[in-house]
Amino acid sequence: PKLTGDIKVFQGLPDLRRLYLQGTQVHGDLHAFIGARHIDELHLGNTKVTGDLKDLQNFISPHDIDLSNTQVSGDLEMLRKFHYLETLNLRGTKLTGNLDVIPCFGIREVDLSYTQVVGRITDAWMGRCQHLHTLLLRNSSVQFANDGTVYMDGAGKDPM
């Protein structure tokens, strides 16, 4: 049996801390979490969830967010205030924005593959992300510019 239902059932749970529904048949709009403040871990990857990333703006200090392979859209800009973020998986979403807004202090894993995210990974950016050990950018428009000579195209191939 597959777990199904609308995530709006979580609307009345302002103290919810962790939600793991990845790979289920749940659906609904992220707006259901507009009143949630204490969610530390939100795992809705590979579901039928839709909505705008900005509906998570009231989260105080999320650590893990997985919205991979959903119909979620929006701009990465709203992630700027998530200073305690450790794991971010937005693979295969409709998100846009610049990689530079991701708070790097404690970030360990980032997957922005198959998104419309842009940006340039420079030595300065990497210097801010001291704890980063996994960075997945396949089929994105992020460029590498370690020393100013190597650039990667959206498919991850060296155009030179």
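Quick note: residue numbers are just sequence positions, from 1.
Checked against side-chain hydrogen bond (donor to acceptor under 3.5 Å, both in side chains), Gln57 has no partners two or more places apart in sequence or in another chain. The side-chain hydrogen bond (donor to acceptor under 3.5 Å, both in side chains) test applied to Arg128 returns Asp100, not counting sequence neighbours. Not counting sequence neighbours, the partners of His43 by the side chain to side chain contact (heavy atoms under 4.5 Å, CB included) test are Tyr20, Gln22, Glu41, Asp64, Asp66. Judged as a side chain to side chain contact (heavy atoms under 4.5 Å, CB included), and not counting sequence neighbours, the contacts of Thr96 are Asp75, Gln116. Contacts of Asp55 classified as side-chain hydrogen bond (donor to acceptor under 3.5 Å, both in side chains), with partners at least two apart in sequence or in another chain: His31.
In this structure, Leu56 and Met78 approach most closely via the heavy-atom pair C-CE, 3.8 Å. Nearest heavy atoms, Lys8 versus Ala32: CA-CB, 3.7 Å. Nearest heavy atoms, Leu137 versus Ser113: N-OG, 3.5 Å. The two atoms that bring Leu30 and Ile7 nearest to each other are N-CD1, 4.2 Å, heavy atoms only. The heavy-atom pair separating Gly23 from Lys2 by the smallest distance is O-NZ, 3.8 Å. Minimum heavy-atom separation, Thr93 to Asn69: CG2-N, 4.3 Å.
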> Does the pair His131 and Ile107 meet the rule for a side-chain contact (heavy atoms from CB on, under 4.5 Å), with working shown?
Replying inline: CA-CA 6 Å; His131 301 287; Ile107 200 86; over 6 Å; no
> Step by step, would you call Ile60 with His38 a side-chain contact (heavy atoms from CB on, under 4.5 Å)?
Replying inline: CA-CA 6 Å; Ile60 294 172; His38 302 289; 3.8 Å; yes
> Should Leu90 and Leu79 be marked as a side-chain contact (heavy atoms from CB on, under 4.5 Å) after you check the CA-CA gap, both sets of side-chain angles, and the distance that decides it?
Replying inline: CA-CA 12 Å; Leu90 300 173; Leu79 296 174; 4.2 Å; yes
>> Checking Phe10 against Leu21 for the side-chain contact (heavy atoms from CB on, under 4.5 Å) test, could you report, in this order, the C-alpha distance in whole Å, the side-chain angles of both residues, the deciding distance, and whether it holds?
In response: CA-CA 12 Å; Phe10 300 105; Leu21 296 172; 3.8 Å; yes
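Here the straight-line distance linking atom CG of Asp15 with atom CG of Leu13 works out to 8.5 Å at 0.5 Å rounding. Taking CG of Asp29 as the reference point, atom OG1 of Thr50 lies at 4.5 Å (rounded to 0.5 Å). To the nearest 0.5 Å, the span separating CH2 on Trp125 from CG on Leu135 amounts to 5.0 Å. Here the CG-OG1 distance, from Leu44 to Thr24, works out to 7.5 Å after rounding to the nearest 0.5 Å. Interatomic distance, CZ of Arg108 versus CG of Leu85, reported as 10.0 Å (0.5 Å rounding). Distance check, rounded to the nearest 0.5 Å: CG of Leu76 to CG of Leu88 gives 7.5 Å.
A continuous path of ILVMFWY side-chain contacts below 4.5 Å connects Val26 to Val72, so both sit in one hydrophobic cluster. Ile34 and Ile39 fall into different hydrophobic clusters, defined by Ile, Leu, Val, Met, Phe, Trp and Tyr side-chain heavy atoms under 4.5 Å apart, directly or through other members. In terms of hydrophobic clustering, with Ile, Leu, Val, Met, Phe, Trp and Tyr side chains grouped at heavy-atom distances under 4.5 Å, Leu136 and Leu132 are assigned to different clusters. Residue Leu95 is grouped with residue Val142 when hydrophobic side chains (ILVMFWY) are merged at heavy-atom distances under 4.5 angstrom, including chains of intermediate members. Under the 4.5 Å side-chain heavy-atom criterion for grouping Ile, Leu, Val, Met, Phe, Trp and Tyr, Leu53 is not connected to Val118 through any hydrophobic cluster.
Sorted by first then second residue, the disulfide bond (SG atoms under 2.5 Å apart) pairs that include residues 90-129, not counting sequence neighbours, are Cys104-Cys129.
For the pair His63 (side chain) and Tyr84 (backbone), a donor-acceptor distance under 3.5 Å is present.
Side chains of Lys94 and Gln71: a donor-acceptor N/O pair is present below 3.5 angstrom, by distance only.
Side-chain atoms of Ile121 and Met126, non-hydrogen and from C-beta on, do get closer than 4.5 Å to each other. In this structure, the side chains of His133 and Glu109 come closer than 4.5 Å at one or more pairs of heavy atoms.
In this pair, Phe59 and Phe82 present their aromatic rings parallel. The plane angle is below 30°, not in the 30 to 60° band.
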